[in-house]
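Just below is one structure, and these are the notes that go with it.
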Amino acid sequence: MGLYKRGSVWWMRFTYQGKQIFKSTETEDKKQAQRIFDKIKFEIAEGKWFEKKSEHSFKEMMDRYLTEHASQKKSARSYKGYVKNLLEFFGEDILISEITPPMVNQFKMKRREKVKPATINRDLSILKNAFNIAMKQWEWVDSNPVTKIPMEKEPPGRVRFLTKEEFDRVYDACPEWLKPIVLNAVHTGARKENNLSLKWNQVDLFRREITLEDTKNGERLAIPINDTLMETFKKLSKVRHINPSTSSSTPMPKRRLQGDIQW
């Protein structure tokens, strides 16, 4: 029964109902840790202290997080890499109730030795999200230790646009099968995943509109089809206009086609 250090933080070791309890005081100050320990000893003696420690391990939480949450993401493989780094630092057997803000901060400091701020922020975001789900959905813990740790400051990204001459050189160098993909990316601003997975049922040539359901912020997005893209989609669709009797010199393609776009 007593105080001991784990890293720079003081922990308590005591017996409660015949069980050995190991609990962080969440402080690096020994005097404050002693006051916390004395208070718990008094509460135990008075019968007012009850163990609130979760019996779920960190590995158990992260495994369930990967299965129920990360597996639904397109970047599921990346999530596994981030989780692997977290498990290597915190360990598989530590209980999630034992993970404290100082420990999370130590993880952040350790990662600074190897990776950039953006990667550290991704680590912390995944850890924070896992704890939020464990707290709000599974009711495994009462608090999230990551919320008290600030994110790293990331340097501003460099924004540069191609000139028309630069784009023309890139476009001319592309093989024929790649040119429609490049045009769609440039004229819609869609992310690579949305661009390459585009299907005909997302393209409304009658209304001249592309609908993206799976955007980065989760919101539905409608993108206008300009004249350049209209001609590109018409060539890809290889269909005649809707109304054969129309007098328009520009044939109107069918409103919706099915299946994947054959880029």
Side-chain angles (χ1 to χ4, degrees), residues 1-66 81-154:
M1 203 168 178
L3 291 172
Y4 67 99
K5 257 190 172 183
R6 182 182 288 181
S8 59
V9 177
W10 287 97
W11 283 64
M12 301 171 286
R13 180 175 60 245
F14 55 91
T15 301
Y16 176 72
Q17 295 183 347
K19 291 171 57 180
Q20 281 285 322
I21 303 296
F22 301 89
K23 188 174 180 63
S24 171
T25 65
E26 300 186 10
T27 180
E28 299 177 7
D29 187 317
K30 187 175 182 181
K31 290 184 178 179
Q32 184 179 354
Q34 187 64 56
R35 288 194 293 269
I36 293 171
F37 186 36
D38 291 342
K39 180 181 178 183
I40 287 180
K41 287 192 294 183
F42 175 78
E43 290 177 350
I44 291 175
E46 294 291 314
K48 297 178 180 179
W49 189 85
F50 301 95
E51 185 181 6
K52 297 180 181 179
K53 187 171 71 171
S54 168
E55 296 301 326
H56 297 284
S57 70
F58 183 62
K59 185 177 187 304
E60 186 181 359
M61 179 179 76
M62 298 314 299
D63 284 347
R64 184 172 177 181
Y65 174 75
L66 285 175
Y82 289 112
V83 168
K84 180 182 177 182
N85 292 326
L86 290 165
L87 286 170
E88 286 177 355
F89 179 84
F90 291 102
E92 297 185 355
D93 298 328
I94 187 172
L95 299 177
I96 55 178
S97 61
E98 295 176 337
I99 296 178
T100 63
M103 292 174 67
V104 177
N105 191 60
Q106 288 175 14
F107 168 74
K108 186 173 77 167
M109 296 301 104
K110 186 70 175 176
R111 291 292 277 163
R112 277 184 182 174
E113 300 173 5
K114 297 182 178 180
V115 298
K116 295 180 179 180
T119 302
I120 296 174
N121 286 341
R122 189 60 175 159
D123 289 332
L124 294 176
S125 294
I126 289 174
L127 184 60
K128 182 179 180 180
N129 195 18
F131 264 103
N132 276 337
I133 292 174
M135 180 175 63
K136 297 176 182 178
Q137 297 182 20
W138 309 334
E139 297 184 347
W140 283 5
V141 286
D142 296 326
S143 61
N144 186 339
V146 192
T147 57
K148 297 181 180 180
I149 305 302
M151 292 290 187
E152 294 285 271
K153 185 176 181 180
E154 298 182 32

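The basis for the numbers below is simple: all heavy atoms, side chains too, and nothing from hydrogens, waters or symmetry mates.
- For the atom pair Ser143 OG and Asn132 CG, the distance stands at 10.5 Å (nearest 0.5 Å).
- Around the CD atom of Glu46, the shell of radius 6.0 Å holds more than 12 heavy atoms that belong to other residues, nucleotides or ligands.
- Relative ring orientation between Phe14 and Phe37 is described as tilted, the plane-to-plane angle lying within the 30° to 60° band.
- Considering only heavy atoms from C-beta on, Arg64 comes within 4.5 Å of Trp140 through its side chain.
- In terms of heavy atoms, Arg13 sits closest to Tyr4 at NH1-CD2, 3.6 Å.
- With Lys108 contributing its side chain and Pro150 its backbone, the two residues share a donor-acceptor pair below 3.5 Å.
- Counting only N and O atoms by type, the side chains of Glu26 and Thr100 include no donor and acceptor under 3.5 Å apart.
- Across all their heavy atoms, Pro117 and Lys153 have their closest contact at CB-O, 3.7 Å.
- Between Met12 and Leu3, some side-chain heavy-atom pair lies under the 4.5 Å cut-off.
- The closest side-chain heavy-atom distance from Arg111 to Thr119 is below 4.5 Å.
- To the nearest 0.5 Å, atoms NZ (Lys30) and NZ (Lys5) are separated by 9.0 Å.
- One finds the CG atom of Leu127 at 5.0 Å from the CZ atom of Phe58 (value rounded to the nearest 0.5 Å).
- Judged purely by atom type and a 3.5 angstrom limit, Thr25 uses its side chain to pair as donor or acceptor with the backbone of Trp10.
- For the pair Arg112/Glu152, a side-chain contact is recorded, criterion being any heavy-atom separation below 4.5 Å from C-beta on.
- The CD1 atom of Ile94 sits 10.5 Å away from atom CE of Met61, with the distance rounded to the nearest 0.5 Å.
- Under a cut-off of 6.0 angstrom, the local environment of NZ in Lys41 is crowded, with over 12 non-hydrogen atoms contributed by other residues, nucleotides or ligands.
- Side-chain atoms of Thr147 and Phe131, non-hydrogen and from C-beta on, never get closer than 4.5 Å to each other.
- The two residues Val9 and Ser24 come nearest to each other via the heavy atoms CG1-OG, 3.6 Å.
- In this structure, NZ on Lys128 lies 5.5 Å from CE on Met151, to the nearest 0.5 angstrom.
- In this structure, Phe89 and Lys110 approach most closely via the heavy-atom pair CE1-CB, 4.1 Å.
- Taking the side chain as every heavy atom from C-beta outward, Phe107 and Leu124 approach each other to under 4.5 Å.
- Ile126 is listed as a side-chain neighbour of Arg122, based on a closest heavy-atom distance under 4.5 Å.
- To the nearest 0.5 angstrom, Gln106 atom CD is 10.0 Å from Ile149 atom CD1.
- The number of heavy-atom neighbours closer than 6.0 Å to CG of Asp93, taken from other residues, nucleotides and ligands shown, is 12 or below.
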